[in-house]
Colleague: 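So that we are looking at the same thing, I have put the structure below in structure tokens.
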Amino acid sequence: MHPDPMPPQILAPAGNRDCFLAAIAAGADAIYCGLKRFSARMEAKNFSVEELAALTSLAHEKGSAVFVAINSMIRPEELDEVYRMVSILAQRVVPDALIIQDLGIVSLARKAGFKGEIHLSTLANACFPDALGQLSATLGLDRVVLPRELGIDEIKEMAKACPEHFGLEVFVHGALCYGVSGRCYWSSFLGGKSGLRGSCVQPCRRRYTHSGKKGRLFSCLDLSLDVLTKVLLDLPQIRAWKIEGRKKGPHYVYQTVSAYRLLRDAPKDPAARKQAMDMLENALGRPTTHYRFLDHRPQSPLAPGQQTGSGKRIGKIVGTPQKPLILAFEALEPGDTIRVGYEDDPYHTLLRIDRLWIPSSRIPLPQEASGRIEPGAPVFLTDRKQRELERLLQSMSKITGIAADNGALIPQEKRLKSAGPPPLLLKPGGSRNAPVHARIRTRDLTVYRVPSPRQQARKQEIGFWLSTEHPGAAFPENAWIWLPPVVWPADADEWRTRVRSLCDQGHRRFVLNIPYQIAWFPDAIPLERGGGPPLKRGRQDISRYAHRNDPSKTAKKRFELWAGPFCNIANPSAVSMLQRMGFSGVIVSPELGKADYLALPAQSPLPLGMLLSGLWPLSISRLAPEGIGFESAIQSPKGEMCFLKSRDQTVWVYPNWEIHLEAHRNTLEQAGYRLFIHLVEPVPEGISLKKRPGLWNWEHSLS
């Protein structure tokens with residue numbers, strides 16, 4: 001129990017200046033936002049350094065903290081720029097915290113002089129209780145953002161395991177993704193736009209066809225915990241209630257922040273609850289759901305029969321295609337922004353209302369819309385210019401002196417250069433351990449789901465996925481055991497027990513697909529001994545794993561522990577962090593392009609592996625679409641096929657084509673890769689694998 005618990009912060013999103021000011025005006029305790037680079041919401045306008053410095057100063061005057069999200073997966077060539085950016089943030093903006101996904105930023109931020117808190121994004125998938133000790137004691141982090149998929153009992157399990165002075169952050173409102181955060185590659189796989197880098201094009205929200213029926217099978221409603229948040233007040237480890245929405249407008253920010261302040265400060269006041277619910281109803285989001293928050297009464301956020309477009313539905317198109325009209329269900333005010341249709345409709349249109357319209361009005365559309373818009377198309381209100389809020393924002397803008405066009409007084413690029421060169425992280429062209437890489441033989445590892453005598457008879461290195469669904473499976477002694485990419489709190493004890501049992505049986509080779517699973521190997525000495533100075537965070541010396549390399553610890557056992565491809569490792573600083581945690585090697589992110597693949601080995605302090613062939617999931621979810629059978633064909637609007645498989649309380653969405661990088665094997669081996677992975681996934685009857693190049697992002701840079 002934490003002494004003198006403080007009420008949780010109301011943490012507001014801000015994707016532009018007006019949203020930031022709206023958060024302050026609504027009384028947000030903290031505001032999270034991003035710069036124009038390295039944010040997991042790159043489609044938001046985001047901020048220049050100059051603008052953010054002025055806004056942060058105002059926020060601090062008003063008693064609001066500011067968290068800056070640098071929560072993108074970082075490519076090798078971007079480390080210098082990230083260092084300079086953090087240096088300038090530390091000097092000129094002085095935010096209260098950084099939100100990160102990439103573990104390599106932890107040491108980078110401290111070297112850059114950042115002295116505030118560091119929070120781990122939900123994209124980093126810290127989803128089970130044992131992870132929290134690793135994040136606090138080993139990595140020196142201060143807070144973790146929990147997955148949206150957790151119910152209240154699981155949140156309580158996480159709170160119970162929370163180290164002293166470490167905090168949790170819980171989403172209470174906003175958009176839901178079909179995939180588990182950090183475990184969705186759908187957008188990247190289909191077009192190189194990575195959700196891990198804030199560029200997701202949301203393929204899950206499109207119309208899909210299954211058994212002849214078309215619908216938005218994977219598109220989710222919004223999350224709203226509303227009055228249920230009162231049960232969170234009993235958990236002092238929860239430091240913030242987080243509102244999603246950095247792409248939303250100031251009206252949404254003001255309404256949601258104001259509502260959750262009421263729900264936090266007056267949870268037993270019926271009048272306050274009613275006022276808060278009215279505000280949330282008019283926040284212009286999608287229809288809402290509690291999702292899995294109530295363990296005894298979960299709700300599915302998948303509702304193909306409901307509209308799941310962003311904004312509040314306030315009308316429909318009537319008339320004829322030649323003379324379309326908007327039939328408004330409620331009043332529209334000057335300055336309102338409306339959207340006709342869904343984003344993927346050919347007639348999708350954004351319009352600004354220029355006068356007051358009463359309910360049941362029939363509003364004419366611009367001439368250019370005639371002939372394009374279909375009668376019956378839905379109409380959504382996506383933003384509202386409330387007069388009182390607009391006046392408030394204008395008065396606050398004068399205080400900051402920031403132009404309304406979101407511009408910077410001095411180009412941000414020039415400011416980044418002014419920070420000076422970064423410290424030498426790793427020498428280009430080779431690291432201290434590069435000779436070790438050269439002595440390691442190249443290996444191929446074929447990974448199966450379930451062991452069989454036929455596989456074990458083959459003279460090759462093999463691996464198997466560990467599964468709670470096959471508790472009696474016996475693995476060959478030298479097999480590589482692959483741990484799952486998602487572990488829910490309710491299942492964590494079972495997973496830990498299985499791992500410890502395998503260790504007791506003599507197994508020593510494991511691939512960990514969540515970095516914090518290393519907590520399940522307390523007696524491990526890494527086969528490739530780590531090195532480098534301990535991490536420092538203020539006065540705290542982060543050296544928990546120093547004992548792992550002490551040969552005098554006779555009770556310790558040598559393990560070969562590799563970080564798996566789901567760890568999303570993409571740069572040498574992140575590899576270095578895993579080395580300090582005790583890993584023997586790293587299988588890098590399969591999202592990378594050719595240039596990034598080839599740049600990594602020469603700078604890496606650990607041996608590297610990569611996925612060379614096999615079926616890779618588009619997404620991993622906790623949701624199974626209702627009425628959609630597992631292992632049956634689902635077709636996208638562009639003709640791509642996918643299918644679902646159930647795996648250990650998760651749903652894996654697979655495409656019907658494999659990754660094939662075998663033609664580039666020699667190039668990759670010469671670059672320094674020493675472990676090549678081949679994933680073998682049983683293909684359901686009725687699903688035919690399509691012959692495609694299978695290069696993923698090899699031929700273009702990851703965006």
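In this text, all values refer to a predicted model and were calculated from it rather than measured experimentally.
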Colleague: Once rounded to the nearest 0.5 Å, what's the spacing between atom CE of Met577 and atom CD1 of Ile105?
Modeller: 10.0 Å
Colleague: If every non-hydrogen atom of Val575 is compared with every non-hydrogen atom of Pro605, which pair is closest and at what distance?
Modeller: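 Closest approach of Val575 to Pro605: CG1-CD, 3.7 Å.
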Colleague: Do Leu668 and Phe676 have side chains that get closer than 4.5 Å, going by heavy atoms?
Modeller: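 Yes; the side chains approach each other to less than 4.5 Å.
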Colleague: Is it the case that the side chain of Asp142 and the backbone of His119 share a donor-acceptor pair, with hydrogens and angles ignored and the cut-off at 3.5 Å?
Modeller: no
Colleague: If we ignore hydrogens and angles and just use 3.5 Å, is the side chain of Ser573 paired with the main-chain N or O of Gly104 as donor and acceptor?
Modeller: yes
Colleague: Counting distance only, does the side-chain N/O of Gln517 pair as donor-acceptor with the main-chain N or O of Pro484 below 3.5 Å?
Modeller: yes
Colleague: Considering all heavy atoms of both residues, which atom of Pro485 and which atom of Asn125 are nearest to each other, and what is their separation?
Modeller: O-OD1, 3.0 Å
Colleague: Ignoring hydrogens and geometry, is there a side-chain-to-backbone donor-acceptor pair from Asn568 to Gly182 under 3.5 Å?
Modeller: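 Looks like yes, one N/O pair under 3.5 Å.
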Colleague: State the CG-CD1 distance between Leu611 and Ile659, to the nearest 0.5 angstrom.
Modeller: 4.5 Å
Colleague: Can you pull the salt bridge (Lys or Arg N to Asp or Glu O under 4.0 Å) pairs that have at least one residue in residues 497-521, sequence neighbours excluded?
Modeller: Glu461-Arg509, Arg500-Asp523, Arg509-Glu560
Colleague: Is a side-chain donor or acceptor of Thr138 paired with a backbone partner of Leu135 at a separation under 3.5 angstrom?
Modeller: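 No, the answer is negative, given that no donor and acceptor are paired below the 3.5 Å cut-off.
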Colleague: I'd like to know if the side chain of Ser194 pairs up with that of Glu591 as donor and acceptor (distance under 3.5 Å, no hydrogens or angles considered).
Modeller: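 Indeed, the side chains of Ser194 and Glu591 share at least one donor-acceptor pair under 3.5 Å.
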Colleague: Which heavy atom in Cys127 sits nearest to a heavy atom in Ile514, and how many Å separate them?
Modeller: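 Closest approach of Cys127 to Ile514: SG-CD1, 4.0 Å.
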Colleague: Does Arg286 use its side chain to pair, donor to acceptor, with the backbone of Ala175 at less than 3.5 Å?
Modeller: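 The answer is no, because no donor-acceptor pair under 3.5 Å joins these two groups.
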Colleague: A side-chain contact here means heavy atoms from C-beta on lying under 4.5 Å apart; do Leu190 and Glu640 qualify?
Modeller: yes
Colleague: State which residues pass side-chain hydrogen bond (donor to acceptor under 3.5 Å, both in side chains) with Trp482; sequence neighbours excluded, sorted by chain then number.
Modeller: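 Result, side-chain hydrogen bond (donor to acceptor under 3.5 Å, both in side chains) vs Trp482: none returned.
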Colleague: Quick one: side chain to side chain donor-acceptor pair (under 3.5 Å) pairs with a partner in residues 675-684, sequence neighbours left out?
Modeller: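 Non-adjacent pairs meeting side chain to side chain donor-acceptor pair (under 3.5 Å): Asp444-His678, Arg449-Glu681, Ser613-His678, Lys645-Glu681, Arg647-Glu681, Tyr654-Glu681.
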Colleague: Is there a side-chain contact between His290 and Asp226, using heavy atoms and a 4.5 Å cut-off?
Modeller: yes
Colleague: With Thr650, which residues qualify under side-chain hydrogen bond (donor to acceptor under 3.5 Å, both in side chains), at least two apart?
Modeller: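 Counting only residues at least two positions away or on another chain, Thr650 forms a side-chain hydrogen bond (donor to acceptor under 3.5 Å, both in side chains) with Trp652.
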Colleague: Identify, with sequence neighbours excluded, every residue that meets ring pair (Phe, Tyr, Trp, His ring centres under 6.0 Å) alongside Tyr185.
Modeller: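 Result, ring pair (Phe, Tyr, Trp, His ring centres under 6.0 Å) vs Tyr185: Trp616.
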Colleague: Counting only N and O atoms by type, is there a donor-acceptor contact under 3.5 Å from the side chain of Glu157 to the main-chain atoms of Pro129?
Modeller: no
Colleague: Applying ring pair (Phe, Tyr, Trp, His ring centres under 6.0 Å), name anything that partners Phe510, two or more places apart in sequence or on another chain.
Modeller: Phe521
Colleague: According to ring pair (Phe, Tyr, Trp, His ring centres under 6.0 Å), who are the partners of Tyr178, at least two apart in sequence or on a separate chain?
Modeller: Phe218
Colleague: Between the side chain of Ser219 and the main-chain N/O of Arg216, is any donor-acceptor distance below 3.5 Å?
Modeller: no
Colleague: Thr442: which residues meet the side-chain hydrogen bond (donor to acceptor under 3.5 Å, both in side chains) condition with it, sequence neighbours left out?
Modeller: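 Only Glu669 meet the side-chain hydrogen bond (donor to acceptor under 3.5 Å, both in side chains) criterion with Thr442.
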Colleague: Who pairs with Glu149 by side chain to side chain contact (heavy atoms under 4.5 Å, CB included), at least two apart in sequence or on another chain?
Modeller: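 Residues passing side chain to side chain contact (heavy atoms under 4.5 Å, CB included) with Glu149: Pro147, Val180, Tyr291, Trp488, Arg622.
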Colleague: Could I get the full list of side-chain hydrogen bond (donor to acceptor under 3.5 Å, both in side chains) partners for His173, not counting sequence neighbours?
Modeller: Ser224, Tyr260
Colleague: Nearest 0.5 angstrom please: Leu483 CG to Asn513 CG, how far?
Modeller: 7.0 Å
Colleague: Among Trp657, Tyr597, Phe189, find the one that has a ring pair (Phe, Tyr, Trp, His ring centres under 6.0 Å) with Trp696.
Modeller: Phe189
Colleague: Taking atom NE2 of His507 and atom CD1 of Ile481, what is their separation to the nearest 0.5 Å?
Modeller: 5.0 Å
Colleague: Which residues pass the side chain to side chain contact (heavy atoms under 4.5 Å, CB included) test with Ala570, not counting sequence neighbours?
Modeller: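 For Ala570 the side chain to side chain contact (heavy atoms under 4.5 Å, CB included) partners, ignoring immediate neighbours, are Met73, Leu592.
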Colleague: Once ring pair (Phe, Tyr, Trp, His ring centres under 6.0 Å) is applied, do any residues pair with Trp495, and if so which ones, sequence neighbours excluded?
Modeller: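 With neighbours one apart ignored, the set is empty.
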Colleague: To the closest 0.5 Å, what do you measure between OG (Ser604) and CG (Asn571)?
Modeller: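 It is 10.0 Å, given to the nearest 0.5 Å.
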Colleague: Answer yes or no: is there a donor N or O on one side and an acceptor on the other, between the side chain of Glu154 and the main chain of Gly151, under 3.5 Å?
Modeller: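 Confirmed, Glu154 side chain pairs with Gly151 backbone.
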Colleague: Give me the atom names and distance for the closest heavy-atom approach of Ile518 to Gly582.
Modeller: CD1-C, 3.9 Å
Colleague: Looking at Asp493, is its backbone amide N or carbonyl O close enough to the side chain of Thr497 to form a donor-acceptor pair, meaning the two atoms are under 3.5 Å apart?
Modeller: yes
Colleague: State the CZ-SG distance between Phe559 and Cys503, to the nearest 0.5 angstrom.
Modeller: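 Separation between the atoms: 4.0 Å.
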Colleague: Please check if atom CD in Glu626 has more than 12 non-hydrogen atoms from other residues, nucleotides or ligands closer than 6.0 Å.
Modeller: no
